[in-house]
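See structure below.
Note that these values count all heavy atoms, side chains included, but never hydrogens, waters or copies made by symmetry.
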Amino acid sequence: MSFWAVLAWVLIVEGALPLIAPSFWREVVDQIRQLRDGQLRFYGLCSVAAGGLLLLLLA
């Protein structure tokens with residue numbers, strides 16, 4: 001799969017929640033805004049690690 005196809009899928013997945021449930025999406029964003037920087041970095045690290053592991057498993 002090309003980079004552009006993957007980017008297209010990311011945009012589709014990222015846009016689905018605000019399209020389907022905008023009020024829920026606002027609540028989630030408000031909760032994210034209340035997190036400290038360290039908490040956000042930890043969640044970002046977990047996301048990067050999970051994505052890297054998934055890529056290794058699929059390759």
Pair D37-R41, side chain to side chain contact (heavy atoms under 4.5 Å, CB included): steps then yes or no: CA-CA 6 Å; D37 286 350; R41 285 188 180 104; 3.6 Å; yes
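- Take R33 and apply the side chain to side chain contact (heavy atoms under 4.5 Å, CB included) test, not counting sequence neighbours, and it matches V29, D30.
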Under 3.5 Å, which donor-acceptor pairs link side chains of residues 5-23 to any protein atom two or more places apart or in another chain?
none

